2 protein chains.
Amino acid sequence: MSLQHAILTALLEKPSSGLELARRFDRSIGYFWSATHQQIYRELGKLESAGLIRELPVSQPARGQRKAYEVLPAGRDELAAWVRRSEDPRPLRDPLGLRLRAAAMVGTEGLAAEVQRHLALHRKQLAEFEAIEARDFPADGSGDALQHLVLRGGIEMETFWIKWLTEAAERLPEG
Amino acid sequence: MSLQHAILTALLEKPSSGLELARRFDRSIGYFWSATHQQIYRELGKLESAGLIRELPVSQPARGQRKAYEVLPAGRDELAAWVRRSEDPRPLRDPLGLRLRAAAMVGTEGLAAEVQRHLALHRKQLAEFEAIEARDFPADGSGDALQHLVLRGGIEMETFWIKWLTEAAERLPEG
DNA sequence: CCCGCCATGTAAGGGGTTACATGATTCA
DNA sequence: TGAATCATGTAACCCCTTACATGGCGGG
């Protein structure tokens, strides 16, 4: 049920249409949860049926206007209750780790290049996170402390990947 | 399809029954991929139908003996081909990160305790990984280098979580 | 003998991914 | 006006999770 609560959080931060939500999941919310637009539309429908959100009434309906949703009080209550729930960390599932393990049995051919490719992806992601941090959380302490904390999580996660993949690159042949 | 390849890897390392596999997924293989016994039985059936593994013939069938499977040449080929495939990293999905983000909207009540609980879980996991490292990969360099690398990944991942959750504990009220 | 654990499964449902469909807007 | 893009969806499939079922075996 995490996706519904991610959407509620995003809509509380700012009422949005489905596609706007999808874009925001690619950015800030996406540090710790990702979603495609198909998932988002489905969950928006469910949330509306459940009476947790509603379509925002538009002041002067222009043609081609997108639907936007806002959170109802019941939705805020549900989110507050969910935040207080206890939930174990999800088990990690990473195919590249599995490939390294499998390579111990069937050979490492091609893996060095794949590790380099992942390194580049994680470096790019880290650079994006750091740019967001520099822009939204200047050293003067403005900006929401909790949102900064979550962003720090994304940054440190990418830093972990880069460190580990660098070790992997050093230990693989052809690397 | 990663689970099937995880099972092939595990069976190449050592032919096993379904339940033995489930146990091994709780330990070594599980650093980067987890699976329940239900998933494993289902995939074992598929792998056998596909001709990638077979039941191990038993020399002297004792009563109550468990089925054990071994990888056939076609299975090894499939695994080798999979290792050479390219696959993007999976997006992270962590409910606790989401809760912190949601807490910025609806309040942090109860979150400090949850962060402490996760901290304890990750510290325990890290201790287990480090015990395995000390046992299986002594400083003399014996032990498979790739398997050690994968274990290092698990260790560094847990280290990341502990670092980040410690920061979170410092920044949350009631902490 | 009975209870609990071991071992192998089945069933139902939730969630995520990929591919496709449809109408509207924008731009060359 | 035709192509590309925006925006909102539908459908099918796969994978994972949770709960339950069944039979054998082992110890009190």
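So you know, we letter chains A, B, ... as the sequences are listed, proteins then strands, and number each from 1. Bear in mind that the values here come from a model prediction, so they are computed numbers and not experimental data. What you see below is based on every heavy atom in this structure, not just the backbone, and it leaves out hydrogens, waters and symmetry mates.
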Nucleotide [N], atom [atom2] - distance to [atom1] of [X] in whole Å:
{"X": "B:Met1", "N": "C:dT18", "atom1": "CE", "atom2": "P", "answer": "13 Å"}
{"X": "B:His37", "N": "D:dT22", "atom1": "NE2", "atom2": "P", "answer": "15 Å"}
{"X": "B:Gln39", "N": "C:dA11", "atom1": "CD", "atom2": "P", "answer": "18 Å"}
{"X": "A:Tyr69", "N": "D:dA7", "atom1": "OH", "atom2": "P", "answer": "15 Å"}
{"X": "A:Glu87", "N": "D:dT17", "atom1": "CD", "atom2": "P", "answer": "12 Å"}
{"X": "B:Gln38", "N": "C:dA7", "atom1": "CD", "atom2": "P", "answer": "15 Å"}
{"X": "B:Leu3", "N": "D:dC16", "atom1": "CG", "atom2": "P", "answer": "6 Å"}
{"X": "B:Leu19", "N": "C:dC5", "atom1": "CG", "atom2": "C1'", "answer": "11 Å"}

Below 4.0 Å: OP1/OP2 of [N] and any side-chain N or O of [X]:
{"X": "B:Tyr41", "N": "C:dT8", "value": "yes"}
{"X": "B:Lys46", "N": "D:dC14", "value": "no"}
{"X": "B:Arg23", "N": "C:dA7", "value": "yes"}

I'd like to know if the side chain of B:His118 and the backbone of A:Glu87 have a donor-acceptor N/O pair within less than 3.5 Å. yes
Does A:Ser17 reach a base, just sugar-phosphate, or nothing at all? Heavy atoms under 4.0 Å. sugar-phosphate
Determine the contact category for A:Arg93: base if any of its heavy atoms lies under 4.0 Å from a base atom, sugar-phosphate if only primed atoms, P, OP1 or OP2 are that close, otherwise nothing. sugar-phosphate
May I ask you to decide whether A:Glu128 forms a salt bridge with A:Arg135, counting only side-chain N to carboxylate O separations under 4.0 Å? no
Can A:Glu20 and A:Arg24 be counted as an ion pair, charged N to O under 4.0 angstrom? no
So is B:Arg152 actually on top of A:Trp164's ring, under 6.0 Å and inside 45° of the axis? no
Heavy-atom nearest nucleotide on DNA chain C taken for B:Ala68 and for A:Glu43; more 5' hit belongs to B:Ala68
Smallest heavy-atom separation, B:Ile40 atom then B:Ala35 atom, equals CG1-CB, 4.1 Å
Going by modelled atom types, is there a donor-acceptor pair between the base of C:dG16 and the side chain of A:Arg42 at under 3.5 Å? yes
